[in-house]
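Working notes for the structure below.
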Amino acid sequence: MGIEQFIDNELKSNDVVLFMKGTPQFPMCGFSGQVVQILDYLGVPYKGLNVLENDDLRQGIKDFSNWPTIPQLYVKGEFVGGCDIVREMFQANELQQFFKDKGIAVRETAG
């Protein structure tokens, strides 16, 4: 299976996929860690794929999305963005609404 087919398969098999450095339990960079914190805060189930374990995946996801940096968040196969975009959307409550629009439940928080 080619790397593009692997990526496509992961996106079809999981509603929320985070291509990241490290794992959700042990992020290996601050940007990946910030996205993990946001997803965990929202209570959104997701699959984290560690690009550090596979150079083909690390380059392949950049080619796939035409986006030069990691992490990359996908929801229902749609590329959302990297750390800055995810953080800005979260702070503006747009990320929460985006998940709801896609049929993915988020934890209701006091505020």
Side-chain angles (χ1 to χ4, degrees):
M1 179 185 326
I3 195 65
E4 201 165 299
Q5 191 176 355
F6 171 80
I7 292 167
D8 194 51
N9 201 41
E10 289 295 332
L11 297 179
K12 287 178 177 160
S13 304
N14 302 283
D15 285 345
V16 183
V17 181
L18 179 62
F19 293 88
M20 61 181 294
K21 293 178 180 173
T23 64
Q25 297 76 24
F26 195 71
M28 299 291 284
C29 87
F31 299 114
S32 292
Q34 285 182 38
V35 177
V36 164
Q37 283 183 323
I38 290 168
L39 293 174
D40 288 349
Y41 178 80
L42 293 176
V44 172
Y46 63 96
K47 180 166 187 180
L49 291 170
N50 184 359
V51 300
L52 297 178
E53 290 179 346
N54 183 326
D55 283 341
D56 289 343
L57 179 60
R58 187 176 191 169
Q59 187 56 49
I61 192 58
K62 293 176 186 180
D63 295 340
F64 186 88
S65 63
N66 202 22
W67 190 261
T69 57
I70 307 287
Q72 294 184 16
L73 180 66
Y74 288 79
V75 177
K76 299 263 177 134
E78 183 180 332
F79 177 55
V80 179
C83 179
D84 291 347
I85 292 169
V86 170
R87 187 176 59 236
E88 287 167 16
M89 287 177 70
F90 171 71
Q91 289 170 342
N93 279 328
E94 293 168 5
L95 187 62
Q96 296 85 321
Q97 190 59 50
F98 181 78
F99 280 125
K100 289 177 186 173
D101 292 347
K102 294 286 187 180
I104 297 170
V106 296
R107 182 183 298 136
E108 295 299 326
T109 54

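Heavy-atom basis, side chains included; hydrogens, waters and symmetry copies ignored. The residues of the chain are indexed from 1 along the displayed sequence.
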**Prompt:** Are L18 and L49 close enough that some pair of their side-chain heavy atoms sits under 4.5 Å apart?
**Reply:** no
**Asked** Can you find a heavy atom in the side chain of V35 that is under 4.5 Å from one in the side chain of Y46?
**Response** no
**Message:** Applying ring pair (Phe, Tyr, Trp, His ring centres under 6.0 Å), can you list everything that pairs with F90, at least two apart in sequence or on another chain?
**Reply:** Y41
**Request:** State whether the side chain of N14 and the backbone N or O of V17 hold a donor-acceptor pair below 3.5 Å, judged by distance alone.
**Result:** no
Identify every side-chain donor-acceptor pair in residues 75-89 under 3.5 Å, counting partners at least two apart or on other chains, and give the distances.
| residue | atom | partner | partner atom | Å |
| --- | --- | --- | --- | --- |
| K76 | NZ | K102 | O | 3.0 |
| E78 | OE1 | K102 | NZ | 2.6 |
| D84 | OD1 | R87 | NH2 | 3.0 |
| R87 | NH1 | Q34 | OE1 | 2.5 |

**Asked** Do you know the tightest heavy-atom contact between V16 and P45?
**Response** CB-O, 3.6 Å
**Request:** Among residues two or more places apart or on two chains, list those pairs meeting salt bridge (Lys or Arg N to Asp or Glu O under 4.0 Å) that have a residue in residues 44-66.
**Result:** E10-K47
**F31 atom CZ, over 12 foreign heavy atoms within 6.0 Å** = no
**Item:** Working for side-chain hydrogen bond (donor to acceptor under 3.5 Å, both in side chains), residues Q97 and N93
**Value:** CA-CA 7 Å; Q97 190 59 50; N93 279 328; over 6 Å; no
**Request:** Work out which heavy atom in S32 is nearest to a heavy atom in M20; give both atom names and the distance.
**Result:** OG-CB, 3.6 Å
**Request:** If a pair satisfies salt bridge (Lys or Arg N to Asp or Glu O under 4.0 Å) and one of its residues is in residues 19-40, list it, with sequence neighbours excluded.
**Result:** none
Would you tabulate the side-chain donor-acceptor contacts of residues 64-73 under 3.5 Å, counting partners in other chains and residues two or more places apart, or write 'none'?
| residue | atom | partner | partner atom | Å |
| --- | --- | --- | --- | --- |
| S65 | OG | I61 | O | 2.9 |
| S65 | OG | W67 | N | 3.2 |
| S65 | OG | Q72 | OE1 | 2.9 |
| S65 | OG | Q72 | NE2 | 3.1 |
| W67 | NE1 | T69 | OG1 | 3.1 |
| Q72 | OE1 | Y74 | OH | 3.3 |
| Q72 | NE2 | W67 | O | 3.2 |
| Q72 | NE2 | T69 | O | 3.1 |

**Message:** On a heavy-atom basis, which atom in L57 and which in N50 lie closest, and how many Å separate them?
**Reply:** CD2-O, 4.1 Å
**Asked** Is Q5 close to D8 at the side-chain level, that is, under 4.5 Å between some pair of heavy atoms?
**Response** no
**Item:** Euclidean distance, L95 CG relative to K100 NZ, rounded to 0.5 Å
**Value:** 11.0 Å
**Fill in**
Joining Ile, Leu, Val, Met, Phe, Trp and Tyr whenever any side-chain heavy atoms lie under 4.5 Å apart, the cluster holding F26 also takes in M28, L52
